[in-house]
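Remember, it's a predicted structure, so these values are computed and weren't measured experimentally. Naming convention: chains lettered A, B, ... in sequence-line order (proteins, then strands); numbering from 1 in each chain.
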2 protein chains.
Amino acid sequence: MARPRKPLLSRARIVAAALALIDAEGLTALSTRRLAAELGVSGPSLYNHFPTKDALLDAVADTVIAQVDVTAFADGDWRTGLLGWARSYRAALAAHPHIVPFLAQGPGRRPAGLRMADAAFGGLVDAGWPPAQATRVCAMVRYFVAGSALGSFARGFVDDPGAYDPDTYPHLGQAHLLAEHRRRVDEGAFEAGLLALVDGLALHHPQVRPGGR
Amino acid sequence: MARPRKPLLSRARIVAAALALIDAEGLTALSTRRLAAELGVSGPSLYNHFPTKDALLDAVADTVIAQVDVTAFADGDWRTGLLGWARSYRAALAAHPHIVPFLAQGPGRRPAGLRMADAAFGGLVDAGWPPAQATRVCAMVRYFVAGSALGSFARGFVDDPGAYDPDTYPHLGQAHLLAEHRRRVDEGAFEAGLLALVDGLALHHPQVRPGGR
DNA sequence: ACCTGAACACCGTTCAAGT
DNA sequence: ACCTGAACACCGTTCAAGT
């Protein structure tokens with residue numbers, strides 16, 4: 001066919017198909033050949049739109065981060081801002097857990113990642129946090145969110161009553177039931193942990209007033 | 001050569017070489033052929049010791065988790081236990097960041113992973129935490145530790161003063177300096193976050209007394 | 001500019017063959 | 001039991017060739 005009159009591919013179409021494949025079958029299932037086949041073209045075609053597979057993954061990661069809502073910082077109360085950001089951040093990542101290990105390497109030069117970092121850090125500083133502390137708080141939230149989205153805690157245990165020998169693991173008698181309730185367990189732990197973290201921060205930093213500067 | 005009188009390989013030797021390769025060049029650098037070459041054998045030899053590459057990674061992951069010290073739970077105070085566990089857990093993972101995405105999928109059937117989960121959960125329950133809350137606390141700590149070890153927060157920003165346009169990202173003027181101080185930033189954020197989390201938990205659960213049951 | 005097939009140097013894994 | 005080389009179906013990426 002060679003070059004068609006209308007391009008068969010676009011960066012947006014490639015990114016969407018890549019994310020769908022990653023969500024459905026995991027990061028390792030994404031190969032350039034497989035993705036190209038899904039898009040109805042041959043493997044090397046992708047290289048007209050992205051220089052490397054890594055650059056494609058960067059674009060996929062950035063569309064995920066672009067979903068994060070940072071507007072909660074607008075009202076000036078840092079607790080409201082932090083809670084809203086963290087919940088939205090977690091929701092965005094948990095919707096696409098297989099790309100989290102790639103994402104969590106940091107924003108690098110990805111625009112949406114930098115926009116989010118800028119808004120969160122700026123929101124904390126504007127609310128009265130000293131810059132060094134604001135950096136730490138951003139890091140903590142990233143740790144907690146990425147860790148919670150990286151892999152289900154509950155699903156980490158196999159769903160098999162005979163899997164965990166009671167003599168060897170005396171406290172894991174109910175662990176195989178976790179898989180069944182994994183969503184409730186994971187969301188409950190995230191929410192409880194987030195609230196504990198925020199209240200702990202407030203406790204340790206009474207000089208940063210709740211209502212903004 | 002065929003079969004030698006003394007086996008050339010052992011599971012322990014393979015695991016050690018695999019971990020060294022992962023630490024030095026990342027998870028993607030670990031191929032069965034490359035690892036075999038490093039060990040002075042041909043690729044398929046590894047299949048006499050592990051059924052698949054995944055089983056090998058399971059063994060690597062379990063040796064990392066085996067380094068985690070859970071003895072801090074012995075003294076009965078849950079705060080001491082939790083802090084000791086979390087710090088040791090983070091140290092073990094941060095020493096081998098490239099395997100964290102694999103590790104964080106959960107313990108599955110890995111003995112050291114289950115031993116750690118059993119000790120942490122059991123330690124909290126013995127200290128007076130209701131089982132459902134103890135599960136949550138274990139999940140939170142896993143989230144925070146895995147997220148902090150997964151990738152440096154500080155290294156996530158490129159070390160290039162011109163990388164972040166001040167008009168687009170008004171608050172990231174100093175971000176390129178993070179790379180330089182990454183260890184201090186990451187360890188400081190982890191420690192501050194851990195203390196905030198523990199104090200927040202204590203605040204939210206006053207009925208669990210600090211000294212044990 | 002944007003697609004193609006052929007080609008290169010890789011993968012994980014299987015298997016028959018050797019001792 | 002534990003190693004080997006050959007083979008299979010894959011990879012990411014380059015490149016000359018087509019329109």
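Under a cutoff of 6.0 Å and an axis angle of 45°, A/Arg142 and B/Phe153 do not form a cation-pi pair.
The separation between B/Arg34 atom CZ and C/dC11 atom P is 8 Å, rounded to whole Å. Between B/Arg11 atom CZ and D/dC2 atom P there is a gap of 12 Å when expressed in whole angstrom units. Atoms CZ (A/Phe50) and P (C/dA1) sit 18 Å apart, rounded to a whole Å. Straight-line distance from the CG atom of A/Leu8 to the P atom of C/dA1: 17 Å, rounded to whole Å. For B/Arg33 and C/dC11, the CZ to P distance is 7 Å, given to the nearest whole Å. Nucleotide C/dA1 holds its C1' atom 19 Å from the OH atom of A/Tyr47, rounded to whole Å. Atoms CD1 (A/Ile14) and P (C/dC2) sit 11 Å apart, rounded to a whole Å. Distance CG (A/Leu46) to C1' (C/dA1): 16 Å, rounded to an integer number of Å.
The only member of A/Val198, A/Asp126, A/Val137 that meets side-chain contact (heavy atoms from CB on, under 4.5 Å) when paired with A/Trp78 is A/Val198.
The side chain of B/Ser42 contributes an N or O atom lying less than 4.0 Å from OP1 or OP2 of D/dT4. Dashed line: the shortest gap from a side-chain N or O of A/His49 to OP1 or OP2 of C/dC3 is under 4.0 Å. When the side-chain nitrogen and oxygen atoms of B/Ser45 are compared with OP1 and OP2 of D/dC2, none of them lie within a distance under 4.0 Å.
Nearest nucleotide to the B/Leu9 side chain, out of C/dT13, D/dT13, D/dC3: D/dC3. Picking from C/dC8, D/dT4, C/dC2 the nucleotide with the shortest atom distance to the side chain of B/Pro44 gives D/dT4.
When heavy atoms are screened at a 4.0 angstrom cut-off, A/Leu56 is found touching no nucleic acid atom at all. Nucleic acid contact for A/Ser31: sugar-phosphate only, since backbone atoms but no base atoms lie under 4.0 Å from a heavy atom of the residue. As judged by a 4.0 angstrom heavy-atom cut-off over every strand, A/Leu35 is placed among residues making no nucleic acid contact.
The nearest heavy atom of DNA chain D to B/Lys6 and to A/Ala29 marks one nucleotide each, and the one closer to the 5' end goes with B/Lys6. Of the residues near DNA chain D, A/Lys53 and B/Asn48, the one whose nearest nucleotide (by heavy atom distance) lies more toward the 5' end is B/Asn48.
With contacts defined as side-chain heavy-atom distances shorter than 4.5 Å, the pair A/Leu103/A/Arg110 qualifies. In this structure, the side chains of B/Trp85 and B/Val68 come closer than 4.5 Å at one or more pairs of heavy atoms. B/Arg109 places a side-chain heavy atom less than 4.5 Å from the side chain of A/Val158.
Within a 6.0 Å radius of CD in A/Glu38, more than 12 heavy atoms belonging to other residues, nucleotides or ligands are found.
Paired runs in DNA chain C that reach 3 or more consecutive Watson-Crick or G-U pairs, where each pair keeps both distances under 3.5 Å, cover C:4-8 with D:12-16, C:12-16 with D:4-8.
A/Asp186 has no carboxylate O lying under 4.0 Å from a charged side-chain N of A/Arg155, or vice versa, which leaves the two without a salt bridge. Here B/Arg90 does not pair with B/Glu191 in a salt bridge; the nearest charged N to carboxylate O distance is not below 4.0 Å.
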